[in-house]
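Below: the structure, in C-alpha cells.
Order of the sequence lines sets the chain letters (A, B, ...), proteins ahead of strands, with each chain counted from 1. Predicted model only: the values in this text are computed from it and were never measured.
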Protein chains: 2
Amino acid sequence: MKHLPHKTIERLSQYRRALLICHETGKSHIYSHEIANIQHITAVQVRRDLMLIGYTGTLRKGYNVKELIDLIGSIIDSDEGIHVAIIGMGNLGRALINYFDGKRSKLNIVAGFDTNPDKIGNTMSGVPCYANEDLEKIIREKDIKIGILTVPADHAIESAELLVKAGVKGILNYTPKPINVPNDVYLEEYDMITTLEKVAFFVKLQEMVK
Amino acid sequence: MKHLPHKTIERLSQYRRALLICHETGKSHIYSHEIANIQHITAVQVRRDLMLIGYTGTLRKGYNVKELIDLIGSIIDSDEGIHVAIIGMGNLGRALINYFDGKRSKLNIVAGFDTNPDKIGNTMSGVPCYANEDLEKIIREKDIKIGILTVPADHAIESAELLVKAGVKGILNYTPKPINVPNDVYLEEYDMITTLEKVAFFVKLQEMVK
DNA sequence: TTCACAATGTTAATTTTTTCACAAAAAAAC
DNA sequence: GTTTTTTTGTGAAAAAATTAACATTGTGAA
Ligand SMILES: NC(=O)c1ccc[n+]([C@@H]2O[C@H](COP(=O)([O-])OP(=O)(O)OC[C@H]3O[C@@H](n4cnc5c(N)ncnc54)[C@H](O)[C@@H]3O)[C@@H](O)[C@H]2O)c1
Ligand SMILES: NC(=O)c1ccc[n+]([C@@H]2O[C@H](COP(=O)([O-])OP(=O)(O)OC[C@H]3O[C@@H](n4cnc5c(N)ncnc54)[C@H](O)[C@@H]3O)[C@@H](O)[C@H]2O)c1
C-alpha cells in the first residue's frame with residue numbers, strides 16, 4: 001500500500017463508523033454492496049478502497065466486520081492515540097467536546113482553551129479549560145498534536161498562530177475565517193454555511209428542472 | 001453555463017465568503033491569485049471556476065468584488081430565498097441557529113422542532129421551537145425546503161422520514177447515522193469525526209515520513 | 001511611443017477518481 | 001455431480017477535476 005487518496009481516507013472512516021454499528025448488532029460479515037448502500041456510493045467503490053488497503057474478503061460471505069474494523073483502525077489511527085485541544089469553549093466547542101466524548105478511543109480531547117475568565121479553571125464533560133496564556137505550555141506538556149478552532153472568527157488567525165507556535169501538527173478550523181499555516185501543519189477547514197448553500201443550490205436546481 | 005461541478009459550487013460559496021470580507025474592508029477589486037491564497041488553492045482553479053460561470057474580470061485589475069458577489073449570489077441563491085428548519089434543538093442545533101442568524105439573507109432558519117416539552121413553545125435566537133407533531137403542518141405553512149438534522153443519532157431515521165413526508169427537498173444530516181431519502185430529495189451528510197480522523201491520519205503520516 | 005510586465009482566459013495535457021466489465025471461485029440449487 | 005447464482009478482485013476505460021502552457025492585452029515604466 002503506497003498512497004491512499006484523500007477521498008479513500010474519508011470513506012474508510014465512514015466505513016468504520018458503519019461497521020462499528022454492525023458489530024454492535026452482532027453482524028459478523030458484510031457485503032460490499034451493503035456498505036455501499038449505507039454510504040450512498042457504489043459497491044465497486046467500496047471494493048476498490050478495500051483493495052487499496054490490501055484487505056481481502058471471503059468470496060460469497062463478504063467482509064469480516066471485526067477484522068475490517070481493526071484493519072481500518074491500524075491504518076487511520078495512531079498506535080498511541082492522538083491528543084486534541086479545543087480553542088474556544090463556546091457553543092460549538094462545548095457541543096463538540098460533548099459529542100466526541102468517548103466515541104473514539106484513539107482520539108482524545110484533553111484540553112480546552114478560552115479567554116473568558118469565567119470558563120478558565122472549569123471542567124466541561126471532563127475536559128479542563130485553560131487560559132490562552134498557558135496554551136503553549138499545556139500543548140507541550142500534554143503532547144497535543146491537533147487543535148480544533150471554535151473561537152469567534154475575529155480571533156481565528158491569532159489562535160491559529162498560537163497553536164502553530166506551540167507545535168501542533170494539525171488544525172481543524174470551524175470558524176468561517178480562512179487561516180494560513182506552515183507547510184508542515186495539516187489544515188482542514190469547514191464552514192457549515194458552504195454545505196447548506198450547496199444543498200440549497202441543488203434544491204433550487206431540482207425545482208428549476210421540474 | 002451548463003453543468004457546474006459539485007466542487008465548483010462549494011468553491012463559489014467559499015469565494016463569496018472571502019469576497020464579502022473584502023467588500024467590507026472597502027477593497028473594490030481582487031486578483032485570482034489573492035482569492036486562491038485565501039482558499040489555499042491555485043489561481044488557475046479560481047479562474048477556471050469563474051470561467052465556468054461566465055464571469056470576466058478586467059485585465060491587470062482583477063475581478064470587481066461587488067459584481068462577483070452579486071453574480072455568485074445569482075447562481076447559488078434562490079431569488080425568493082429559501083426556508084430552513086432545524087430538527088433537534090440541542091447543543092448543536094442551537095449553536096447552528098446562533099451561527100446562521102442573519103449571515104445569509106437568502107437562507108433563513110424559520111423553525112425548530114424538538115420532542116422535549118420544555119423546549120417546545122420557546123424561541124431561540126428568534127427561531128420558534130415547535131413540537132414534532134406539528135412538523136408537517138409547519139413545514140408546509142412556512143414553505144420550508146431544507147431540514148437540518150441535529151437530533152440524537154437514534155432518532156435520525158425517523159426524523160428524516162418525517163421531513164421527507166412533509167415535502168422537504170433537501171436534508172443536511174449532522175448526526176453520525178447515515179439516512180436514506182428518495183431520489184428527489186438532495187442529501188448531504190457530514191460527520192465531524194470523519195474530518196478529525198482525516199486530520200489525524202495526515203498528522204500521523206507526516207510524523208512517519210519525518 | 002515603445003517595451004516589458006502582469007494579469008486574464010482558454011485549450012490542451014495530466015492527474016485523480018470513479019465506473020465498467022468480466023474472470024474467478026465459493027456456495028447453493030437442482 | 002453439474003449447473004447456476006452470487007460475490008469478490010482487478011485491469012481497462014471513462015469521467016471528473018486539476019494543472020500546465022501560453023496567447024492576449026491593458027498598464028505603466030522607460
Ligand atoms: N455555532 C455554530 O454552529 C457554528 C457553526 C459553524 C461555525 N461556527 C464558528 O465557530 C466559532 C464559535 O462559534 P460559537 O457559536 O461557539 O461561538 P461562542 O461565542 O459561543 O464561543 C466562542 C468562545 O471562544 C472564546 N474566545 C474568544 N476569543 C478567544 C481567544 N482568542 N482564544 C480562545 N477562546 C476565545 C469565547 O470566550 C467563547 O467562549 C465562530 O467562529 C463561529 O463562526 C459556529
Ligand atoms: N454536538 C456536536 O458537536 C455534534 C457534532 C456532530 C454531530 N453531532 C450529532 O448531532 C446530534 C445532536 O447533538 P447535540 O449535541 O445537539 O445533542 P443534544 O442531546 O444536545 O440535542 C438533541 C436534541 O434533539 C431533541 N430530540 C430528541 N429526539 C427528537 C426527535 N425525535 N425529534 C426532534 N427532536 C428530538 C432532544 O430533545 C434534544 O433537544 C447528535 O446526533 C450528535 O451525534 C453533534
Side-chain angles (χ1 to χ4, degrees), chain A residues 1-15 18-19 22 27-68 71-72 75 188-189 194 198 201-202 205, chain B residues 1-15 18-19 22 27-68 71-72 75 188-189 194 198 201-202 205:
Chain A
M1 179 201 351
K2 28 171 217 170
H3 263 328
L4 293 176
H6 279 222
K7 287 281 186 69
T8 295
I9 298 299
E10 282 176 21
R11 283 192 300 258
L12 287 175
S13 164
Q14 289 163 0
Y15 298 162
L19 290 166
C22 288
K27 202 171 155 75
S28 79
H29 285 75
I30 191 167
Y31 298 128
S32 59
H33 67 259
E34 292 178 299
I35 300 180
N37 285 342
I38 297 172
Q39 303 302 148
H40 316 297
I41 57 176
T42 66
V44 193
Q45 179 80 82
V46 173
R47 296 206 297 274
R48 168 81 36 182
D49 285 333
L50 298 189
M51 193 185 108
L52 290 176
I53 63 171
Y55 185 64
T56 283
T58 315
L59 199 44
R60 271 188 84 97
K61 281 192 83 180
Y63 303 96
N64 182 300
V65 173
K66 184 59 173 47
E67 260 177 42
L68 192 44
L71 178 61
I72 293 177
I75 289 164
E188 192 81 20
E189 308 198 303
T194 291
K198 190 177 163 193
F201 172 78
F202 285 107
L205 209 65
Chain B
M1 179 201 349
K2 28 171 213 162
H3 263 327
L4 293 176
H6 278 220
K7 287 281 186 69
T8 295
I9 298 299
E10 282 176 22
R11 282 192 300 258
L12 287 175
S13 163
Q14 289 163 0
Y15 297 163
L19 290 166
C22 288
K27 201 170 155 76
S28 80
H29 286 75
I30 191 168
Y31 297 127
S32 59
H33 66 259
E34 291 178 298
I35 300 180
N37 285 342
I38 296 172
Q39 304 302 150
H40 317 298
I41 56 176
T42 66
V44 192
Q45 180 79 83
V46 174
R47 296 206 297 275
R48 161 68 35 130
D49 285 333
L50 299 189
M51 193 187 107
L52 289 177
I53 62 171
Y55 185 66
T56 284
T58 315
L59 199 45
R60 272 188 84 96
K61 280 192 85 181
Y63 303 98
N64 181 300
V65 173
K66 185 59 174 46
E67 260 178 41
L68 192 44
L71 178 60
I72 293 177
I75 290 164
E188 191 81 22
E189 308 197 303
T194 292
K198 190 177 162 193
F201 172 78
F202 285 107
L205 210 63

(Q) Test side chain to side chain contact (heavy atoms under 4.5 Å, CB included) on Q45(B) and D49(B); report intermediate values, then the result. (A) CA-CA 6 Å; Q45(B) 180 79 83; D49(B) 285 333; 4.0 Å; yes
Q. Within the structure, does a side-chain N or O atom of R47(B) lie under 4.0 Å from either OP1 or OP2 of dT8(C)?
A. yes
Q. Between R60(A) and P5(A), which has a closest nucleotide on DNA chain C that is more 5'?
A. P5(A)
Q) What heavy-atom pair brings R47(B) and Y63(B) nearest, and what distance separates the two atoms? A) CG-OH, 3.5 Å
Q: For T8(B), answer base if it contacts any base atom (sugar-phosphate contacts may also be present), sugar-phosphate if it contacts only those atoms, and nothing otherwise; contact means non-hydrogen atoms under 4.0 Å.
A: nothing
Q: Round to a whole Å and report the spacing from CD1 of I9(B) to C1' of dA17(D).
A: 14 Å
Q.
Please compare K61(B) and T58(A) by the position of their nearest nucleotide in DNA chain C and report the one closer to 5'.
A. K61(B)
**Q.** Atom pair distance, as rounded to whole Å: CZ in R11(A) and C1' in dT19(C)
**A.** 12 Å
Q) Side-chain N or O of Y31(B) less than 4.0 angstrom from OP1 or OP2 on dG9(C)? A) no
Q | Atom pair distance, as rounded to whole Å: CG in L4(A) and P in dT16(C) | A | 14 Å
Q: Provide, to the nearest angstrom, the distance between the CD1 atom belonging to I53(A) and the P atom belonging to dT8(D).
A: 14 Å
Q: Go through the steps to decide whether N64(A) and Y55(A) satisfy the test side chain to side chain contact (heavy atoms under 4.5 Å, CB included), and finish with yes or no.
A: CA-CA 10 Å; N64(A) 182 300; Y55(A) 185 64; 3.5 Å; yes
Q. Counting side-chain heavy atoms from C-beta on, which of dT8(D), dC20(C), dT8(C) comes nearest to V44(A)?
A. dC20(C)
Q: Figure out the CG/C1' separation between L52(B) and dT11(C), and round it to whole Å.
A: 14 Å
Q. For I41(B) and R11(B), which heavy atoms make the closest approach, and how far apart are they?
A. CD1-CD, 3.8 Å
Q: Indicate, yes or no, whether a donor-acceptor pair under 3.5 Å links the base of dT19(C) to the side chain of R48(A).
A: yes
(Q) Measure NE2/H3(A) against C1'/dT17(C) and give the value in whole Å, please. (A) 16 Å
Q.
Please name the nucleotide paired to dA12(D) by Watson-Crick or G-U wobble geometry with both distances under 3.5 Å, or report none.
A. dT19(C)
Q: Take atom CG of D49(A) and atom P of dT19(C), then tell me their distance rounded to the nearest Å.
A: 11 Å
Q: Any chance you could measure T42(B), atom OG1, to I35(B), atom CD1, to the nearest 0.5 Å?
A: 12.0 Å
Q: Using atom CG of L50(B) as one end and atom C1' of dT10(C) as the other, report the distance to the nearest whole Å.
A: 13 Å
Q | Nearest-nucleotide pick for Q45(B), side chain only, options being dC20(C), dT18(C), dT19(D) | A | dT19(D)
